[in-house]
Number of protein chains: 2
Amino acid sequence: MSEGRPPVPASPTLEDVARAAGVSRATVSRVINGIRNVDPMIQETVRQAIAETGYVPNRAARSLVTRRTGAIALIVSGAGEESGENPFHSQVFADPFFGRVASGVVGFLRPRGIHPILMFAETAEARAQVIAYLRQGNADGAVLVSTQAQDPLPRLLVDASLPAVLFARPAEPIPISYVDVAHRTGAKLAADHLVARGRRRVGTISGPLDVPASQDRLSGFRDAMAAHGYPYIPCVEGNFTLNSGEAAMERLLAEHPGLDGVFIANDLMAQGALPVLRHHGRRVPDDVAVVGFDDSSAATASRPPLTTIRHPVEDMAAEMARLLLAHVDDLDQPVTSIIFEPSLVIRDSA
Amino acid sequence: MSEGRPPVPASPTLEDVARAAGVSRATVSRVINGIRNVDPMIQETVRQAIAETGYVPNRAARSLVTRRTGAIALIVSGAGEESGENPFHSQVFADPFFGRVASGVVGFLRPRGIHPILMFAETAEARAQVIAYLRQGNADGAVLVSTQAQDPLPRLLVDASLPAVLFARPAEPIPISYVDVAHRTGAKLAADHLVARGRRRVGTISGPLDVPASQDRLSGFRDAMAAHGYPYIPCVEGNFTLNSGEAAMERLLAEHPGLDGVFIANDLMAQGALPVLRHHGRRVPDDVAVVGFDDSSAATASRPPLTTIRHPVEDMAAEMARLLLAHVDDLDQPVTSIIFEPSLVIRDSA
DNA sequence: CTGAAAGCGCTAACAC
DNA sequence: GTGTTAGCGCTTTCAG
């Protein structure tokens, strides 16, 4: 025993399996890839040889010839504010939303034996790296969830003709597939519910108004309220964070102390708003009814738990992955958008 | 123009660059891989040719010969309770902690051009898939963060001699590298602070007692309090979730109404405990001082913001990635554990 | 210091 | 049906 560590038992190759089964590499390859035209008897022999040798196909070799990696990138993208102390990605993943997206993507991909490569793209440099990475053939395509409007990455992806699917409609029209939820419908659900609960003096806290989702939730809410006979709905703009929800609620209450209902564009802001209402002596839902949006974990973590608009994030994420795979399989696949319907979840806040 | 879509401009290969530069493939390969022994003039020519052709190395081809993928897996592992409705990974990522780990890992890896493959391993099947995936050479190794003690995956990894590093000390001793924080020191910090604040009737809410971290935090806290002259510290066991914090606080308060201080083993449970205290008429910190653990986003989201024990999760995660790369580079690298020191972060709750 | 040549393990024509 | 063979794009001895 003079060698350092021979125990690295160079994993078996197709050749080894072929020899063990007494057939050619091609035949083994055929049964592995599920191609018919192989005698059932031989198939069985081969399968056994595979089991005996403990063979696993080498992905690099396969990729080299198929020009497919069997991997896709899951990109979390934003319009880079780099606060050294608390990096972008650190904050981003604190939002339970991304966990749900990741979950949905993995849920769809995993049964297919493929796993997402996690990438963040918050700066120009990071975006360039993402593009280069994909061009190297590290992944066949990308699913992308942006935290900000005006994200330059979708455009870059399209320009590089890399298959990609977005989680939400891009702010600028770009020929790229995406999944989204019917924000306006969701906002209408909230409005109808508030009115049904007898609320007359209703306000709203919106998300950042440069992102389409925020715009749609706001305009959808106002239109629905108008249809109920309430043409003027005061609004304070937030930015989807807990702190901004707190601040916005503070302001809304100061400007409209008579408020008896509020629609808040996401649950995290609503979670921030609740203590503010309490602090100002408003009971929820008795004095002020609150409806959130997302049905995120913040909704159940809030006290009282939030009545909110649920969109099927996991399903949407799964669909996004499915769409991407379709694009990867057929580069001529037409650009598509798929819109999901939201639903009202009634808890205690309204 | 009869072709369907010729515009797929087969990306340039080494060969193309070599031709453009008037040298051999070997030479181009050398300059790309930063091997000296190349005439500076020629180096320059090659660099230019690379730029002109827009060449990017094909990773599959490279992997095939180097037997390295340049990828690593980031595995989130737990002891599988599969609740169909709300999948494991969905819940897991709702915990901001995992976002911080992901962030730290990416922060270290990205400058090195490598990106983690995200995998979940909550069932026996999923674990088998993870092992097979790594054996296929899809990744050179894995960093692993478990949500539960008794996770079988570390053992499987070791048995398959796959390079891996854990985020925390495994419940069973296993020859595998890990990073961790000095939980006992952190707990002592909390105890000292509570005592310094003049608290005499102190209790604690622990994490699940089958995980080493929970044990250490509890025993560390009790030992430190004993040293201060308080040998009996009542404890209620939680499971690190917000709801369990709520329930545990409820019970602790019922059993020890005279409580004036409580150490809660993570911020999320503390976030759940705060409203319970308030509901029972206790002001925080005046009547009851609360110290959490983690300095997670729950600490700042709580009202009042939590005094807590911070551990440098991002740094630890980065170190975990660094360690893994060391193991990948040298399979004979000895098993190591690296322990980080926590610190006290004083906010308003104590 | 540079080039020629031999594969890495696999798939996909193409023969038989 | 099955085997033969030619590479996929790259790194790496080995000559020169």
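- Here B/Arg68 pairs with B/Asp329 in a salt bridge; the nearest charged N to carboxylate O distance falls below 4.0 Å.
- The CG-P distance, from B/Leu64 to C/dG9, rounds to 7 Å in whole Å.
- Counting only distance, with no hydrogens or angles, the side chain of B/Glu122 and the backbone of B/Arg127 share no donor-acceptor pair below 3.5 Å.
- Between atom CG of residue A/Asn58 and atom OG of residue A/Ser11 there is a gap of 7.0 Å, rounded to the nearest 0.5 Å.
- Near DNA chain C, meaning a heavy atom under 4.0 Å from it, residues 47-63 of chain B has no residue at all.
- Scored by the side chain to side chain contact (heavy atoms under 4.5 Å, CB included) test, A/Arg169 finds A/Tyr178, A/Asp180, A/Pro212, A/Asp216 as partners (sequence neighbours excluded).
- One can place CZ of A/Arg67 at 12 Å from P of C/dA12, the figure rounded to the nearest angstrom.
- Residues passing the side chain to side chain contact (heavy atoms under 4.5 Å, CB included) test with A/Val158, sequence neighbours excluded: A/Ile174, A/Pro175, A/Ile176.
- The list of salt bridge (Lys or Arg N to Asp or Glu O under 4.0 Å) pairs with a residue in residues 153-164 of chain B, not counting sequence neighbours, reads B/Arg155-B/Asp159.
- Judged as a side chain to side chain contact (heavy atoms under 4.5 Å, CB included), and not counting sequence neighbours, the contacts of B/Thr45 are B/Ala21.
- Regarding A/Glu15, its CD atom lies at a distance of 10 Å from the P atom of C/dC10, rounded to whole Å.
- Atom pair B/Arg68:CZ and C/dC8:C1' shows a separation of 15 Å (rounding to whole Å applied).
- Not a single side-chain hydrogen bond (donor to acceptor under 3.5 Å, both in side chains) links A/Arg62 to another residue, sequence neighbours left out.
- Along DNA chain D, read 5' to 3', the first and last nucleotides having any atom under 4.0 Å from a heavy atom of chain A are D/dG1 to D/dG9.
- Atom pair B/Arg19:CZ and C/dT2:P shows a separation of 20 Å (rounding to whole Å applied).
- Residues passing the ring-ring contact (aromatic ring centres under 6.0 Å, His included) test with A/Tyr133, sequence neighbours excluded: B/His115.
- Among residues two or more places apart in sequence or in another chain, the salt bridge (charged side-chain N to carboxylate O under 4.0 Å, His left out) test is passed with B/Arg25 by B/Glu15.
- Closest-nucleotide positions on DNA chain C for B/Pro40 and A/Thr66 were compared, and the one nearer the 5' end corresponds to B/Pro40.
- One end of the helix from C/dC1-D/dG16 to C/dC16-D/dG1 points its axis 40° away from the other end's axis, with each axis taken from 5 pairs and the angle rounded to 10°.
- Applying the side-chain hydrogen bond (donor to acceptor under 3.5 Å, both in side chains) test to B/Thr53 and every residue at least two apart in sequence or in another chain returns nothing.
- Near DNA chain C, meaning a heavy atom under 4.0 Å away, the residues from residues 20-32 of chain B are B/Val23, B/Ser24, B/Arg25, B/Ala26, B/Thr27, B/Arg30.
- Two residues are said to be in side-chain contact when any heavy atoms from C-beta on lie closer than 4.5 Å; A/Leu157 and A/Leu144 meet this criterion.
- Separating the CG atom in A/Leu323 from the CD1 atom in A/Ile338 is a distance of 4.5 Å, to the nearest 0.5 Å.
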